[in-house]
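Residue numbering restarts at 1 for every chain, and letters A, B, ... go by the order of the sequence lines. Keep in mind it's a predicted model, so treat the numbers as computed, not measured.
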2 protein chains.
Amino acid sequence: MSTIPTATISRLVTYLRILTTLENHGVKNTSSEQLAEEAQVSAFQVRKDLAYFGRFGTRGAGYTVPTLRRELRRILGLNRPWNVAIIGMGRLGQAIADYPHFEQYDFSLKACFDINPKVIGQTISSNHVYGMDALPQIVKEKGIDIGFLTVPQASAQDAADALVAAGIKGILNFAPVVINVPREVHVEPVDFLAGLKRVSFYIINPGLKEELA
Amino acid sequence: MSTIPTATISRLVTYLRILTTLENHGVKNTSSEQLAEEAQVSAFQVRKDLAYFGRFGTRGAGYTVPTLRRELRRILGLNRPWNVAIIGMGRLGQAIADYPHFEQYDFSLKACFDINPKVIGQTISSNHVYGMDALPQIVKEKGIDIGFLTVPQASAQDAADALVAAGIKGILNFAPVVINVPREVHVEPVDFLAGLKRVSFYIINPGLKEELA
DNA sequence: ATCTATTTGTGAAATTTGCCACAATAAAAC
DNA sequence: GTTTTATTGTGGCAAATTTCACAAATAGAT
Ligand SMILES: NC(=O)c1ccc[n+]([C@@H]2O[C@H](COP(=O)([O-])OP(=O)(O)OC[C@H]3O[C@@H](n4cnc5c(N)ncnc54)[C@H](O)[C@@H]3O)[C@@H](O)[C@H]2O)c1
Ligand SMILES: NC(=O)c1ccc[n+]([C@@H]2O[C@H](COP(=O)([O-])OP(=O)(O)OC[C@H]3O[C@@H](n4cnc5c(N)ncnc54)[C@H](O)[C@@H]3O)[C@@H](O)[C@H]2O)c1
């Protein structure tokens, strides 16, 4: 298990989602073939991705939906609660605070932060908004693991530094900029404008899309 | 120019953003070294990425910021206006309609759509909300190229089918599901929950992050 | 109990992507 | 005008990733 492709982790998330949908529909068994079709990858790929972590199927019969789902949740670390905080309670931060689907996945919004005195002290979706100076203490007290960075581009590095100093372990970066953090902190970009620009490129270069069977 | 890595396109978007920031700060010249540092990749990578599309620098001197920026905008297709529509005017759709930074990039929000009779006919951020039956006609009339898919997971495939039937060329998919479209339509996922789950994995597996110099 | 039909798990090949060294070349210094 | 310095552009190599073929194993049929 020396190294695992990033793309594999992304696909595991997709497989998990498909398994959840199957389970909700009462489906008991599945196969690499079915997962592959839903995820739009090859069946080889599904099996190879799973093989990085162990053996989860039975030859000739395929996979048991609840079992594989449980295993993938364990592999991805989703079988434990994660405490998250939002940094920057502007339009996007507020929209995310309103989003009800976290709890369903054992992600729990524990605190909100902003730098604007007019916003600090308000209550947004039944969450108190703290000032940035309270960050280290609240992170420690509430055991916050992950920060959602929803501040303007120009403030993103500063806010990220504050999160790192407070001892956060992962950052979901919504700002359209590459932020610099120590290696032990993991950053995932969620970059809407970048996606839009990629769409632009692929529309004007239709030939450059990789062929799919 | 047979095939260009997807990762290269993502990095070009990053380089463009860096160049825009540099230009706004009045910086006239730059180098693969500087771009590499800001983008957190190697200088080789920057030069290789650019080499797919031509020669843009002068040896010994580096790159001229406005020139390289203009070239990247051309390569990415950002030197022309793009007309976009939002499908699904719930919390996220509304937040995006409010987002003012589109115009700055020659992306123009031309129409909003929903399936809920209570929402249809409303005006959101000075955009009229149309019913889904109006999609084909409005897409044609207003020359809409790109659709933002912000409907619930369960409706995403249906709404995507409607977009495809209406003749849209690209989709930014905010729903947490893999949608199935013909090859000539390009889909970019913007998947917040998937990012969150990847963070979870990398927090519990700190050893699996690729080494960086 | 044996055979047949499936479908997984995996080593090896093929492909893709990234890395690196260095020749080419332009600007600056002298 | 020549030399020095700097930095790009690129061909070849290494590493990572995907694809593939097939042996191993299991469930179900006979
Ligand atoms: N609004 C959208 O639809 C949208 C979509 C995608 C990405 N984004 C990105 O998300 C980020 C936020 O966007 P927005 O529209 O919510 O912006 P916004 O201006 O509405 O909100 C930003 C908030 O961050 C706070 N802030 C600023 N500096 C801070 C700091 N150093 N520490 C803590 N808080 C700080 C501000 O007080 C403000 O409340 C931006 O980077 C934007 O590009 C927004
Ligand atoms: N709210 C967030 O912060 C957030 C963040 C990331 C991703 N998402 C994803 O974005 C999507 C939308 O989230 P939301 O919170 O805005 O949901 P929402 O329920 O508030 O809004 C969804 C809207 O889509 C409309 N709709 C439903 N089916 C439709 C159809 N077939 N055609 C057209 N319109 C249709 C509904 O009438 C509603 O107005 C979801 O897939 C969600 O998972 C939301």
Could you check whether the rings of B/His186 and A/Tyr202 sit parallel, tilted or perpendicular, using 30° and 60° as the cut-offs? parallel

Could you give the NZ-to-C1' distance, from A/Lys48 to C/dA13, as a whole number of Å? 11 Å

A/Gln94 and A/Asp98: side chain to side chain donor-acceptor pair (under 3.5 Å), yes or no, with the steps? CA-CA 6 Å; A/Gln94 292 188 31; A/Asp98 270 340; over 6 Å; no

What integer distance in Å separates A/Arg47:CZ from C/dT7:P? 10 Å

Spacing of A/Phe44 atom CZ relative to D/dT19 atom P, expressed in whole Å: 9 Å

Take the protein atom CG of B/Leu12 and the nucleotide atom P of C/dG18, then report the distance between them rounded to whole Å. 12 Å

Testing B/Glu37, B/Arg47, B/Lys48 for side chain to side chain donor-acceptor pair (under 3.5 Å) with B/Ser32, which one passes? B/Arg47

A/Ser42 side chain N/O closer than 4.0 Å to the phosphate oxygens (OP1, OP2) of D/dT19? yes

Spacing of A/Tyr52 atom OH relative to D/dT17 atom P, expressed in whole Å: 7 Å

Donor-acceptor pair under 3.5 Å, B/Arg59 side chain vs D/dG9 base: no

Expressed in angstrom and rounded to an integer, what is the separation of B/Phe56 atom CZ from D/dG9 atom P? 8 Å

Do A/Arg55 and C/dG9 share a donor-acceptor pair, side chain to base, under 3.5 Å? no

With a non-hydrogen cut-off below 4.0 angstrom, is A/Ala7 in contact with a base, only sugar-phosphate, or nothing? sugar-phosphate

Considering only side-chain heavy atoms of B/Tyr63, which listed nucleotide, D/dT19, D/dG9, C/dG9, is closest? D/dG9

Roughly how many Å is it from OH in B/Tyr15 to P in D/dT8, rounded to a whole number? 12 Å

Is the number of heavy atoms from other residues, nucleotides or ligands under 6.0 Å of A/Glu33 CD greater than 12? no

5' priority, DNA chain D, between A/Thr58 and B/Ala51 [closest heavy atom]: B/Ala51

Separation of atom CG in B/Asp49 from atom P in C/dT16, rounded to whole Å: 17 Å

Side-chain contact check for A/Pro5: nearest option of C/dT10, D/dT18, C/dG18 is D/dT18

A/Glu23 and salt bridge (Lys or Arg N to Asp or Glu O under 4.0 Å): which partner among A/Arg17, A/Arg69, A/Lys28? A/Arg69

First encountered from the 5' end of DNA chain C, between B/Ala61 and B/Gln45: B/Gln45

